Protein chains: 2
Amino acid sequence: MMVSEQFQDVFSQLPAEIFGRDCPTRPVMAQVTGRWGALIIAALAPGPMRFSGLHQHIGGISQKMLSQYLKSLVRYGLVERLVEPTIPPQVTYSLTPLGQSLAQQLCTLLSWFTANTPALEAAQQRYDAADSPTR
Amino acid sequence: MMVSEQFQDVFSQLPAEIFGRDCPTRPVMAQVTGRWGALIIAALAPGPMRFSGLHQHIGGISQKMLSQYLKSLVRYGLVERLVEPTIPPQVTYSLTPLGQSLAQQLCTLLSWFTANTPALEAAQQRYDAADSPTR
DNA sequence: CTGTATCCTACCCGATACTG
DNA sequence: CAGTATCGGGTAGGATACAG
């Protein structure tokens with residue numbers, strides 16, 4: 001399979017700036033590629049969700065982190081926060097159009113990882129088996 | 001534009017497991033989506049590179065972090081390390097086929113960020129302007 | 001040139017408790 | 001239900017010096 005052609009396309013579009021120390025994408029990347037960013041956005045991809053829904057859907061996340069990441073994502077215009085003035089209050093989160101377009105990229109990336117996890121784990125075990133026996 | 005159709009496809013392929021607390025993808029994701037993972041892989045996308053080449057190409061990375069990330073990426077079978085037994089030694093890093101396929105996803109993601117940085121920054125300023133004046 | 005070793009700081013993140 | 005406040009541990013990451 002000719003990977004290289006299609007390949008050249010993708011990376012050649014990247015401006016040299018993204019490697020720069022002060023590239024403006026870095027703070028955003030830090031959030032999205034942070035521990036929970038991608039998972040939260042992926043969880044919202046199917047549709048809007050409540051705070052508690054997200055909390056139990058994403059295994060292992062704490063209220064604090066969920067709240068913190070959501071605030072960031074709202075700030076970047078990726079997620080929308082909708083408050084229903086009821087008692088008790090209901091807050092619904094959903095992806096903005098911008099967030100949806102990002103979600104596609106992220107879901108593709110997540111798919112890649114799930115598809116290639118066997119290969120990654122195999123490589124890992126090969127590597128670990130290579131020179132630790134001497135120890 | 002009908003985002004939703006193509007959209008449903010992408011996320012619906014995601015197994016519920018990726019949201020699980022013990023999903024095996026999490027440690028790998030942590031490395032790749034760590035602070036330097038994506039940039040290193042993207043930097044290697046055009047072709048093999050030496051250690052010093054990477055070091056000066058990726059702004060702000062320290063030797064320690066570069067070395068550490070490279071070791072991890074080699075361990076996962078994403079990057080290959082080739083040592084020329086010369087003096088002084090020359091070490092060349094390149095992407096494995098597995099790494100190349102990941103690089104495509106990552107470069108696409110990086111492209112998304114560079115393309116949408118204006119929108120992200122605008123949203124951010126709108127958000128910050130909304131209620132900080134009261135402070 | 002290509003790393004490793006050491007020290008040190010910052011902050012990420014979790015646990016818990018509390019508010020409206 | 002949907003958060004915020006506070007405390008504390010673990011670790012990512014930088015600076016520097018040193019080694020092969």
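As a basis for the values below, the full set of heavy atoms in this structure was taken, side chains included, without hydrogen atoms, waters or symmetry mates. The shown structure was predicted, so the numbers you read here are calculated from the model rather than taken from an experiment. Proteins get letters first, then strands, A, B, ... in listed order; numbering begins at 1 in each.
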Rounded to whole Å, please give me the gap between [atom1] in [X] and [atom2] in [N].
X: Ile61(A); N: dG14(C); atom1: CD1; atom2: P; answer: 7 Å
X: Leu70(B); N: dT4(C); atom1: CG; atom2: C1'; answer: 14 Å
X: Leu82(A); N: dC1(D); atom1: CG; atom2: P; answer: 18 Å
X: Gln56(B); N: dT2(C); atom1: CD; atom2: C1'; answer: 14 Å
X: Leu54(A); N: dC1(D); atom1: CG; atom2: P; answer: 14 Å
X: His55(B); N: dT16(D); atom1: NE2; atom2: P; answer: 12 Å
X: Gln90(A); N: dC1(D); atom1: CD; atom2: C1'; answer: 8 Å
X: Gln68(A); N: dC13(C); atom1: CD; atom2: C1'; answer: 8 Å

Looking only at heavy atoms, what is the nearest atom pair of [X] and [Y], with distance?
X: Leu120(A); Y: Tyr76(B); result: CD2-O, 3.4 Å
X: Gly77(A); Y: Thr96(A); result: O-OG1, 2.6 Å
X: Leu95(B); Y: Ala103(B); result: CD1-CB, 3.7 Å
X: Phe19(B); Y: Leu39(A); result: CE2-O, 3.3 Å

Legend entry - Contact check, side chains of Thr108(A) and Gln105(B), non-hydrogen atoms, under 4.5 Å: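 Sidechains of Gln105(B) and Thr108(A): in contact.
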
With a 4.0 Å limit, can you tell me whether [X] has a side-chain N or O closer than that to the phosphate oxygens OP1/OP2 of [N]?
X: Arg50(B); N: dT2(C); result: yes
X: Tyr69(B); N: dG13(D); result: yes
X: Tyr93(B); N: dT2(C); result: no
X: Arg35(A); N: dG14(C); result: yes
X: Ser67(A); N: dT4(D); result: yes
X: Thr86(A); N: dC1(D); result: no
X: Arg81(B); N: dT2(C); result: no

Is the backbone N or O of [Y] less than 3.5 Å from a side-chain atom of [X], with the two atoms forming a donor-acceptor pair by type?
X: Tyr69(B); Y: Arg35(B); result: yes
X: Arg26(A); Y: Gly20(A); result: yes
X: Ser94(A); Y: Pro48(A); result: no
X: Ser67(A); Y: Gln63(A); result: no

Inset, instruction - List the protein contact pattern of nucleotides 15-20 of chain C with one symbol per nucleotide (5' to 3'): B for base contact, S for sugar-phosphate-only contact, - for none; contact means a heavy-atom distance under 4.0 Å. - result: B----B

Legend entry - Trp36(A), nearest nucleotide to its side chain (from dT2(C), dC13(C), dG14(D)):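 Of the options given, the side chain of Trp36(A) lies nearest dC13(C).
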
Legend entry - Relative orientation of the end axes in the helix from dC1(C)-dG20(D) to dG20(C)-dC1(D), expressed as an angle to the nearest 10° (five pairs per end):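 Inter-axis angle at the ends, rounded: 50°.
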
Legend entry - Hydrophobic cluster identity match, Val83(B) and Met49(B), side-chain contacts under 4.5 Å: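 Linked, Val83(B) and Met49(B) end up in one cluster.
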
